[in-house]
Trainee: 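I'd like to ask you about the structure that follows.
Lettering of chains follows the sequences in order, A, B, ..., and the numbering in each one begins at 1.
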Number of protein chains: 2
Amino acid sequence: MAFSDLSSADATAVLEPVSRNTLRAQVADRLRAAILRGDIAPGAPLVETALSERFDVSRGPLREALRQLIEEGLVVTVPYTGTHVAPLSVEDVHEIYSLRTALETFAFEQVWPSRDDRFRAELNRRNASLIAAIDAGDDHASIQTELELHGLVYEASGHRLLQRAWYALRGRLQLYWAAHHLAHGRHGPRRDSHDSYIAAALGDDLAAMRLEIANHMRRGAETTERFLRRPNPSGKSKRGDKS
Amino acid sequence: MAFSDLSSADATAVLEPVSRNTLRAQVADRLRAAILRGDIAPGAPLVETALSERFDVSRGPLREALRQLIEEGLVVTVPYTGTHVAPLSVEDVHEIYSLRTALETFAFEQVWPSRDDRFRAELNRRNASLIAAIDAGDDHASIQTELELHGLVYEASGHRLLQRAWYALRGRLQLYWAAHHLAHGRHGPRRDSHDSYIAAALGDDLAAMRLEIANHMRRGAETTERFLRRPNPSGKSKRGDKS
DNA sequence: CCATGTCAGATTGTCGACAATCGACGATCG
DNA sequence: CGATCGTCGATTGTCGACAATCTGACATGG
């Protein structure tokens, strides 16, 4: 981490990491990472006692972490019965991408007049990172960098509620992309998949941007839905056991 | 969605009320109601020990209920320090109404082609309920019925994720409306405040509907922001100070 | 008089044990 | 042999007590 910069910069952003980690947050982060990494498959059971023992924490913080992941859409639970990693469904995919279209369009409308050189430079930088990850064949990095690329417009909007809504969608999206990666071995974005998207975002035609977002999301939804309908091409079984 | 039919329809939505109430849910409902009713003012401290004693439950379920209300934006907390009812801010109002504009526009776009007689009838029914509440001078009912009126399009969309997003906004909106009501004694919608909105929703011009939503939200945001900048016209003190 | 170190109270964070509930298996009866 | 009911294991829900941390006030020294 950056020990060097304690000169100027805004305090809040720098001092935030210093704050104490509660067990709830740590457990939530670890569990989320495990799910999104595919270590625990969609639909797999999550027993509180087993998890609390594995993480070496009591069930209190663990339960609160689970509640958080439920809010994020990564986990589902039924009272007194059981908790599971959220199962995949084609309806969800459609909802995720359609709502994402609306949100991302709104985000660009908010940002549109105030796009400056820094915004454009950052957009290019993140696109370069995505391309680098694709060229390197690093699927996990491809997913992360693509999410960061799309995340820029939400960050730049300065709209906290909008960013919250994006996070709610992003977690679910990650779940499906991770499952896709697990099943097919690769996330699959082409090297030039975001070229027209970037071009429109850098340009001055807002209507063209709207169209580009709609097309981009339509393609994404189609790809993901196609995978869901035929999830296991290689034939090797997916399991949710945790040993 | 199903307004009164228990014949076919999806089972989960109908069977939900039968399911057992966990303490967490009960506490969350009671606390939410208390906050939205104005019994606990924005910014007022919420101490876990006091609340758990008052509700006669242990701190476990109470904490989980608080977590839920935090997600809903009604409560804020800082680790090891304290928990409070969310304070009001003009930035929030702007974000709530701008995002709401985007969501409600999207919802109408989704519903537009499939509006049938039942949708139109239900829309008129809910508008009548709102007018009745306004005529009766019942502020609490006015808020509820107005929210239900706007909620129809989200329900009719059948888009669960969109409805979730609406709930996230609705809670925050209620918080501001309740505060407005507390300060001014009346929520303040005019009798005909939704006439043009309903007319557009019943008509066939989607572009006009988009415009109507934008105007409706702009007016709402202006009213709420104006109240926030001058919150206490009558001069009587609001509760919730730390004594 | 101001700055600084210390302490006590209050509040949240965490833990381990017990209770309530559910789903499935197996016994029993027709 | 099939259906129904009771029982049992598993899992989540709840509880009360203890620990960690923060905030503010107070004492102390410059």
Side-chain angles (χ1 to χ4, degrees), chain A residues 11-12 15-31 35 40-41 43-72 74-87 240-243, chain B residues 11-12 15-31 35 40-41 43-72 74-87 240-243:
Chain A
T12 59
L15 263 48
E16 197 107 27
V18 186
S19 74
R20 232 58 195 104
N21 285 342
T22 69
L23 285 186
R24 166 182 60 254
Q26 295 183 41
V27 168
D29 289 345
R30 296 272 293 271
L31 243 185
I35 292 174
I40 316 176
L46 295 170
V47 272
E48 296 178 358
T49 52
L51 289 175
S52 75
E53 185 176 332
R54 187 149 174 66
F55 284 125
D56 196 40
V57 299
S58 89
R59 282 180 53 217
L62 183 97
R63 280 173 61 86
E64 295 187 5
L66 280 179
R67 285 287 143 198
Q68 184 171 338
L69 296 183
I70 289 172
E71 277 302 316
E72 296 178 19
L74 269 45
V75 169
V76 295
T77 187
V78 39
Y80 288 110
T81 301
T83 309
H84 300 80
V85 179
D241 38 47
K242 32 191 152 114
S243 66
Chain B
T12 59
L15 263 49
E16 197 108 26
V18 188
S19 71
R20 231 74 194 102
N21 283 342
T22 69
L23 283 186
R24 165 182 61 253
Q26 294 183 41
V27 169
D29 289 345
R30 296 272 293 271
L31 242 184
I35 292 175
I40 316 176
L46 296 170
V47 276
E48 296 179 0
T49 52
L51 289 176
S52 74
E53 184 177 333
R54 188 148 172 64
F55 284 124
D56 197 40
V57 299
S58 89
R59 282 179 53 217
L62 183 97
R63 280 173 60 87
E64 296 187 4
L66 281 180
R67 285 286 143 198
Q68 183 172 337
L69 296 183
I70 289 172
E71 278 303 315
E72 296 178 18
L74 268 46
V75 168
V76 295
T77 187
V78 39
Y80 288 109
T81 302
T83 309
H84 300 79
V85 179
D241 341 316
K242 319 227 191 137
S243 75

Trainee: Roughly how many Å is it from OH in B:Tyr80 to C1' in C:dT14, rounded to a whole number?
Mentor: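 It works out to 8 Å between those atoms.
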Trainee: Under 4.0 Å, heavy atom to any atom of DNA chain C: which of residues 46-54 of chain B qualify?
Mentor: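 Correct list: B:Leu46, B:Val47, B:Glu48, B:Thr49.
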Trainee: What's the CD-P distance between B:Glu64 and C:dG13, to the nearest Å?
Mentor: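 Distance, rounded to whole Å: 13 Å.
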Trainee: Do B:Phe55 and B:Leu23 have side chains that get closer than 4.5 Å, going by heavy atoms?
Mentor: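 A side-chain contact under 4.5 Å is absent here.
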Trainee: Please tell me if A:Thr83 has a side-chain N or O lying less than 4.0 Å from either OP1 or OP2 of D:dT12.
Mentor: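 Checking A:Thr83 against D:dT12: at least one side-chain N or O falls below 4.0 Å of OP1 or OP2.
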Trainee: Using the closest heavy atom to pick a nucleotide of DNA chain C for each, name whichever of A:Asp56 or A:Thr81 lands nearer the 5' end.
Mentor: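 The residue whose closest nucleotide sits nearer the 5' end is A:Asp56.
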Trainee: Distance check needed: D:dA10 C1' versus A:His84 NE2, whole Å only.
Mentor: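 About 12 Å, once rounded to whole Å.
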Trainee: Tell me whether the OP1 or OP2 atom of C:dT12 has a side-chain N or O from B:Arg63 closer than 4.0 Å.
Mentor: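 The answer is no; no side-chain N or O of B:Arg63 sits under 4.0 Å from OP1 or OP2.
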Trainee: Just checking A:Val57: base, sugar-phosphate only, or nothing, at a heavy-atom cut-off of under 4.0 Å?
Mentor: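 Sugar-phosphate only.
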Trainee: Taking CG from B:Asn21 and C1' from C:dT21, how many angstroms apart are they, rounded to a whole number?
Mentor: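 That distance rounds to 14 Å.
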Trainee: A:Leu23 has an atom CG; how far is it from atom C1' of D:dA19, in whole Å?
Mentor: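 Interatomic distance, CG of A:Leu23 to C1' of D:dA19: 12 Å.
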Trainee: Choose from C:dT12, D:dC15, D:dG13 the nucleotide whose nearest atom is closest to any side-chain atom of B:Arg59.
Mentor: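 Of all the options, the side chain of B:Arg59 is nearest to C:dT12.
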Trainee: Which whole-number value in Å describes the distance from A:Arg24 CZ to D:dA20 P?
Mentor: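 In whole Å, D:dA20 P lies 18 Å from A:Arg24 CZ.
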Trainee: Considering every strand and a 4.0 Å limit on heavy-atom distances, what is the contact class for A:Gly82: base, sugar-phosphate, or nothing?
Mentor: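 A:Gly82: backbone/sugar contact only, no base atoms under 4.0 Å.
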